[in-house]
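Input: a single structure, listed below in structure tokens.
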Amino acid sequence: MAKKTIIVSNRLPVTVNKNADNSLSFHPSSGGLATGLSTTYKQGGNLWIGWPGTYDHDQKEQEHIAKELKKDNMAPVFLTKNEVKKFYEGYSNKTLWPLFHYFTEYATYELDLWDAYVHVNQLFCNAILDHAEPEDTIWVHDYQLLLLPGMLRDALPNATIGFFQHIPFPSYEIFRLLPWRKETLDGVLGADLIGFHTYDDMRHFLSSVNRLLGYDSSLGLVKVKNRLVSVDAFPMGIDYDKFEQAADSSKTKQKVIAYGDLLSKNKSILSIDRLDYSKGIKHRLLGFDKFLSRYPEYQGVVSLILLVVPSRDKVDQYQHLKEEIDTLVGKVNGKYSRMNWSPIHYFYRSFSFEGLSALYKASDVALVTPLRDGMNLVCKEYVASKTDQQGVLILSEMAGAAKELSEAILINPNDENQIVDALYSALTMPEEEQRSRMKEMQKKVRRYNVHRWVEIFMNQLDNIKERQTAMNMRLLPAKSQKRMLEKYTNAQNRIIFLDYDGTLKGFAADPQSVSPDQELKEIMTNLTSDPKNRVVIISGRDKETLEAWFEGFKVDIIAEHGIWLRRGDADFEMIDNLNSDWKSKISRMLDRYVDRTPGSFVEEKAFSIAWHYRKADADFGDLRARELVGNLNYLVSNMNLQVMHGNKVVEVKSQDVNKGKAALKFLSDDKYDFVFAAGDDVTDEDTFLALPKKSYTIKVGLGASAARYNLKTVSDVRQLLTDFNNTEK
Ligand SMILES: O=P(O)(O)OC[C@H]1O[C@H](O[C@H]2O[C@H](CO)[C@@H](O)[C@H](O)[C@H]2O)[C@H](O)[C@@H](O)[C@@H]1O
Ligand SMILES: O=c1ccn([C@@H]2O[C@H](COP(=O)(O)OP(=O)(O)O)[C@@H](O)[C@H]2O)c(=O)[nH]1
Ligand SMILES: [Mg+2]
């Protein structure tokens, strides 16, 4: 079967309606996601999986709906009334929607809503598994399905999964309020590529990932349990040609004529949104009220066409908002109406496509004032419909679209005076200026249309898959491992260098808490009891800790990144004559950073000194570490010292010492026919580089290295050492 793309979103682009006589009818859905993607998905046998917008259908109805949808390459996920209540109205729209739009006071946190959310995400997962082939691409959309990528990853570990969030991703300070914040991030990170509308959403997401899960990122790439995940911004576009062509079509012209006086006699200001508190509809009405009172000459001349599309009307806040808007419209109309003129023409319903096109085409100003909006497609549709380039867009800075449409009159919707001033500027703007602004905006909206958006997202998804493959190619292949084990078996005199933290043992917040566990002790006992093995622990830790932890084991030790060497039971000796006079100067600077960075601490060793920040706030720690490295490099410039920035640690030590030099000392003690080294950090690269080419060197974790092979995790290393131990003696 050919490779297909499966689009998954909560709402299908078609909504089913159960009529009074129990018959079923099918209508296009409203909302940016459905309208934006509906024209592109049909190409090439793709499939769209989602909820058809109703509930509690019997078997016969379900079959009928599924059959009808199939004709248009869609497949339904059916929900019960209770699931719709708890998953859709509940967790999606009473918890996530308000929280992600910064309406924290509206957000509720209820365990049974969360449970329903997990359950319905699983229903979506099951539905996808019924349709997906291994080579398919699965593209999951939006906040209703944040857990789905993770569930899919568990079921299909090698699948190609994209995720796009259409609403804002809030700053960490807001996101951390969510009781299920970690599970949520883990869910999203199941995807290979994670897209947002804007750079701000992207950086907020990465910051939460770093602070809550401890994964760093570089250039939008995050290593999640050694799988590379890409996070990027993709501002969504519209089907430009569709709106442009419709604007000059005869159907639209007929509509304009049908709307008659509404559009032709007066100046008109257009307002279109779903009923939603995030859209700033109240602010808009108050602003318009003030405008009419400050500029009375516009009374009788300009009207606001207020189109509010019903949405989520079972959710309390939406019901209240509807009442508030009704009241406000009544107030303004009551205050200013004349026998032959109304200030506001209010429609609470959805319009046909031609109806919308006529409103876009014929209105003089579009007033788009969301308090928060992921993107806002209405403003782009307005721009595309202005084929005569006459018309002015007033746009809130809080809409994702404001990042692209800088030629609009940009306003802060919380500033009523700005709305008033913007309306006045728009209504008095010279035609030439209208044209030049509109032209610039059209250029952008035409170019970054929805097709281009899909194309760029899909290219980036291919891209990250290729990078993952390239990274995985560095992993020790089964064939090479087999050969290594044969070499091991046949060897008579082996030397095995093992780094400790990140290689034999995982990281923990308290570095002193990670002494060898039972499994590691057994591995070490077996490894060291083979008389053909010389096992060397080669670590940055101080010699006292290593000595205590490996007491009773027949191991050699290289401590403090190569300063101290211990052969068997002998005492530690220093690799060269080193001095430590420099330490007090460095230590003063590190102490200052401890004071300025809560959670960080200094570890002082005999000939090196380290500043650790694994317990500090992750972002802040990184920031301070970069600053510290800069200052230290300046300080040590003529001191024969080196500054190393490792994993959550900045360390200063003598330039003459490194793990590689120390390893070579041990290597020259004897003739070895099997040389092995494993390590995870920058300091282990010195070992890999120093050892002879034929050695088996292993970097733990993915990423570039001088080592011959990579292994993904500490447990992979332990498995390999166990395999060594299990070879025939
Ligand atoms: O499905 P509903 O609950 O009826 O809501 C309709 C859709 O609203 C949201 O749209 C968003 O997506 C737009 C396109 O990316 C964007 O311009 C806008 O800012 C967003 O609010 C929601 O994200 C969809 O999931 C809903 O289906
Ligand atoms: O009667 C209407 C009014 C609007 N829309 C469409 O609803 C979408 C609204 O998307 P937007 O991104 O502006 O906001 P959202 O509702 O997705 O938050 C736009 O494509 C409009 O064309 C619609 O289908 N019917
Ligand atoms: Mg290490």
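Everything numeric in this text was worked out from a predicted model, so none of it was measured. We count ligands from 1, going down the list as the structure has it; atoms in each ligand are counted the same way.
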Pick from Arg274, Arg312, Glu89: the one approaching atom 26 (C) of ligand 1 most closely through a non-hydrogen atom: Arg312
Ligand-side contact atoms (ligand 1) for residue partner Leu377, heavy atom cut-off under 4.0 Å: 14 (C), 17 (O)
Met236 contact mode with ligand 1 (heavy-atom cut-off under 4.0 Å): side chain
Side-chain (Asn121) to main-chain (Leu147) donor-acceptor, under 3.5 angstrom: yes
Any N/O pair Tyr88/ligand 1 closer than 3.5 Å: yes
Closest to atom 18 (O) of ligand 2 among His27, His197, Lys380, Lys279 (heavy-atom distance): Lys279
Non-hydrogen side-chain atoms of Thr5 and Val454 separated by less than 4.5 Å: no
Within-cut-off N or O pair, His197 and ligand 1, under 3.5 Å: yes
Short N or O distance, Asp142 and ligand 1, threshold 3.5 Å exclusive: yes
Residue pair Thr198, Asp200: steps toward the side-chain hydrogen bond (donor to acceptor under 3.5 Å, both in side chains) verdict: CA-CA 5 Å; Thr198 70; Asp200 282 333; 5.1 Å; no
Identity of the N, O or S atom of Asp680 lying closest to the Mg ion (ligand 3): OD1
Lys659 NZ/CZ over Phe497 ring centroid, <6.0 Å and within 45° of normal: no
Ligand-residue contact atoms, ligand 2 with Val378, heavy atoms, under 4.0 Å: 13 (O)
Check: Ser350 side chain, Val309 main-chain N or O, donor-acceptor pair, under 3.5 Å: no
Within-shell test, Asn10 vs ligand 1, heavy atom, strictly < 4.0 Å: no
Smallest separation among heavy atoms of Leu12 and Ser29, with atom names: O-OG, 2.7 Å
Residue Ile167 vicinity, atoms of ligand 1 by number, heavy atom under 4.0 Å: 23 (O)
Heteroatom proximity flag, Leu377 to ligand 2, N/O under 3.5 Å: yes
Proximal ligand 2 atoms for Glu381, defined as those under 4.0 Å from one of its heavy atoms: 19 (C), 20 (O), 21 (C), 22 (O)
Short N or O distance, Phe351 and ligand 2, threshold 3.5 Å exclusive: yes
Apex the Mg ion (ligand 3) - arms O from Asp501 and OD2 from Asp499 - angle rounded to 10°: 90°
Side chains of Val514 and Trp549 in contact at under 4.5 Å (non-hydrogen atoms): yes
Ring centers of Phe243, Tyr382 separated by less than 6.0 Å: no
Residue Arg11 vicinity, atoms of ligand 1 by number, heavy atom under 4.0 Å: 1 (O), 2 (P), 4 (O)
Ligand 1 versus His166: contacting region, heavy-atom distance under 4.0 Å: both
Any N/O pair Phe164/ligand 1 closer than 3.5 Å: no
Ligand 1 contacted by Trp453 (non-hydrogen, < 4.0 Å): no
Six-ring centre of Trp97, Arg312 cation under 6.0 angstrom, axis tolerance 45°: yes
Backbone or side-chain N or O of Ile272 under 3.5 Å from ligand 2 N or O: no
Met375: numbered ligand 1 atoms lying under 4.0 Å from its heavy atoms: 16 (C), 17 (O), 18 (C), 19 (O)
Axial cation check for Phe507 ring with Lys648, 6.0 Å and 45° limits: no
Under 3.5 Å: donor-acceptor pair, side chain of Asn226, backbone of Gly701: no
Element-labelled atoms of ligand 1 that are located less than 4.0 Å from some non-hydrogen atom of Asp373: 18 (C), 19 (O), 21 (O)
Short N or O distance, Trp97 and ligand 1, threshold 3.5 Å exclusive: no
Ser352 and Lys255: CA distance, side-chain angles, deciding distance, side chain to side chain contact (heavy atoms under 4.5 Å, CB included) verdict: CA-CA 10 Å; Ser352 66; Lys255 279 278 177 199; 4.1 Å; yes
Geometric N/O contact Arg274 with ligand 2, under 3.5 angstrom: yes
Distance-only N or O hit between ligand 1 and Gln144, under 3.5 Å: yes
Ring pair (Phe, Tyr, Trp, His ring centres under 6.0 Å) assessment of Phe100 paired with Tyr143: CA-CA 9 Å; Phe100 283 29; Tyr143 65 101; 7.4 Å; no
Structural part of Leu356 in contact with ligand 2, heavy atom criterion under 4.0 angstrom: side chain
Proximal atoms of ligand 1 relative to Gly374 (non-hydrogen, under 4.0 Å): 19 (O)
Atoms of ligand 2 close to Val309 [distance to a heavy atom under 4.0 angstrom, numbered from 1]: 1 (O), 2 (C), 3 (C)
Short side-chain to backbone donor-acceptor contact, Gln165 and Pro168, under 3.5 Å: yes
